[in-house]
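The analysis underlying the following values was restricted to heavy atoms, covering all of them including side chains, and did not include hydrogens, waters or symmetry mates.
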Amino acid sequence: MILAYRLLLGLGFGILVADQVTKAWVRATIPFDTYIGYDSIEIIPGYFYFVHVGNWGAAWGQFEGFGWLFSILAVLAIFAIGYFRKYLELHRPWIQVIFGLICGGIIGNLIDRILEGKVVEFMHMNYGFAQTGIFNVADLYITFGIIIYVL
């Protein structure tokens, strides 16, 4: 039965590894609490930076201090996806890709919450007139998966 979901599991595992490897690199390279400035790494001058901050809440730091709740919700989400796999049509390859993106990201951020009590965030985009929240590889793939699923 598990082989029927190999696309979901393989992609999810690949995203989880990419997320954890990039976060380990950030921890080893960029001092904590680095925003755009001296210790940040400029990827696209004036627009895209690698920084190093922690997120103790949800998206964009909302609900700070409720990381434990988001850990519980992450575990429940993974179990719900497994339990409702028939209704979610996880037998379809493209649905497996979508949920592989989402599950890999959820588990990547869950590992951070469990091991560090916060999620490591490091990608920061600055458009001059507006800035994005600071995010990571897991956030990116969760967002892509949800957008594709909705479309």
Side-chain angles (χ1 to χ4, degrees), residues 2 5-82 85 88 90 93-128 130-151:
I2 205 154
Y5 304 106
R6 65 183 171 273
L7 188 57
L8 182 152
L9 296 171
L11 184 58
F13 182 74
I15 289 168
L16 171 63
V17 169
D19 177 64
Q20 292 299 301
V21 166
T22 56
K23 290 173 180 174
W25 176 81
V26 167
R27 282 187 215 97
T29 307
I30 305 171
F32 184 69
D33 257 354
T34 296
Y35 292 87
I36 295 174
Y38 179 72
D39 289 323
S40 66
I41 299 173
E42 190 173 47
I43 305 299
I44 301 174
Y47 295 101
F48 186 59
Y49 302 84
F50 283 169
V51 298
H52 184 187
V53 298
N55 183 348
W56 287 266
W60 302 288
Q62 296 177 24
F63 308 108
E64 188 172 320
F66 288 91
W68 59 271
L69 177 61
F70 298 113
S71 296
I72 292 169
L73 291 174
V75 170
L76 290 175
I78 295 298
F79 278 111
I81 290 166
R85 65 189 176 277
L88 294 171
L90 287 183
W94 65 277
I95 297 290
Q96 286 189 39
V97 168
I98 290 168
F99 281 95
L101 297 172
I102 295 169
C103 290
I106 288 172
I107 295 169
N109 282 341
L110 177 62
I111 289 171
D112 282 13
R113 289 188 194 285
I114 291 169
L115 296 180
E116 296 194 33
K118 66 182 181 308
V119 175
V120 173
E121 309 280 19
F122 64 93
M123 291 187 253
H124 190 177
M125 297 175 74
N126 178 8
Y127 299 108
Q131 296 183 24
T132 63
I134 303 170
F135 54 98
N136 60 41
V137 170
D139 299 338
L140 197 64
Y141 284 110
I142 292 169
T143 303
F144 286 160
I146 291 171
I147 289 171
I148 294 167
Y149 188 72
V150 168
L151 294 176

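- Ring centroid separation for the pair F99 and Y149 comes in under the 6.0 Å cut-off.
- Between A138 and G105 the shortest heavy-atom distance is CB-O, 3.3 Å.
- For the pair I106 and A74, the tightest heavy-atom approach, listed with the atom from each and the gap, is CG2-CB, 3.7 Å.
- Of all heavy-atom pairs spanning I15 and G100, the tightest one is CD1-O, 4.0 Å.
- Residues satisfying the side-chain hydrogen bond (donor to acceptor under 3.5 Å, both in side chains) test with Y49, not counting sequence neighbours, are E42.
- The minimum heavy-atom distance linking V26 with V51 is given by the pair CG1-O, 3.8 Å.
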- Go through the steps for F48 and M123 under the test side-chain contact (heavy atoms from CB on, under 4.5 Å), then give the verdict. CA-CA 7 Å; F48 186 59; M123 291 187 253; 3.9 Å; yes
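- Under the 6.0 Å cut-off for aromatic ring centres, H52 and F32 qualify, their centroids lying closer than that.
- Around CZ of F13, the count of heavy atoms belonging to other residues, nucleotides or ligands within 6.0 Å does not exceed 12.
- Applying the salt bridge (charged side-chain N to carboxylate O under 4.0 Å, His left out) test to pairs two or more places apart or on separate chains, none has a residue in residues 135-151.
- Considering only heavy atoms from C-beta on, I43 comes within 4.5 Å of F50 through its side chain.
- Checked for salt-bridge contact, K118 and E64 miss the test: no charged N lies under 4.0 Å from a carboxylate O.
- The main-chain N or O of V120 is found under 3.5 Å from a side-chain atom of D112 such that the two form a donor-acceptor pair.
- Under the 30°/60° scheme for interplanar angles, the aromatic rings of F66 and W68 are found to be tilted.
- At least one donor-acceptor pair closer than 3.5 Å links the side chain of S40 to the backbone N or O of G37.
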- Message: Please evaluate residues L101 and I142 with respect to the criterion side-chain contact (heavy atoms from CB on, under 4.5 Å), reporting the C-alpha separation (whole Å), side-chain torsions for both, the decisive distance (0.1 Å), and the verdict.
- Response: CA-CA 6 Å; L101 297 172; I142 292 169; over 6 Å; no
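- In this structure, the separation between CZ on F122 and CD1 on I134 is 11.5 Å, given to the nearest 0.5 Å.
- A donor-acceptor pair is defined here as one N or O able to donate and one able to accept, closer than 3.5 Å; no such pair exists between the side chain of N126 and the backbone of Y47.
- Sparse packing is recorded around CH2 of W94, with 12 or fewer heavy atoms of other residues, nucleotides or ligands lying under 6.0 Å away.
- We find the CG-OG distance between L76 and S71 to be 11.0 Å, quoted to the nearest 0.5 Å.
- One finds the CG atom of N55 at 6.0 Å from the CZ atom of R113 (value rounded to the nearest 0.5 Å).
- Here the straight-line distance linking atom CD1 of I98 with atom CD1 of I147 works out to 11.5 Å at 0.5 Å rounding.
- In this structure the side chain of V53 never reaches within 4.5 angstrom of the side chain of T34, judged on heavy atoms.
- Atom SG in C103 sits 8.0 Å away from atom CG in L90 (nearest 0.5 Å).
- Checked options I111, N109, V137; the residue passing with K23 is N109 (criterion: side-chain contact (heavy atoms from CB on, under 4.5 Å)).
- The one candidate from L16, T22, V17 that meets the side-chain contact (heavy atoms from CB on, under 4.5 Å) condition with Q20 is L16.
- I30 contributes atom CD1, which lies 4.0 Å from atom CD1 of I41 (distance to the nearest 0.5 angstrom).
- For F144, the CZ atom is loosely surrounded, since the number of other residues' heavy atoms within 6.0 Å does not exceed 12.
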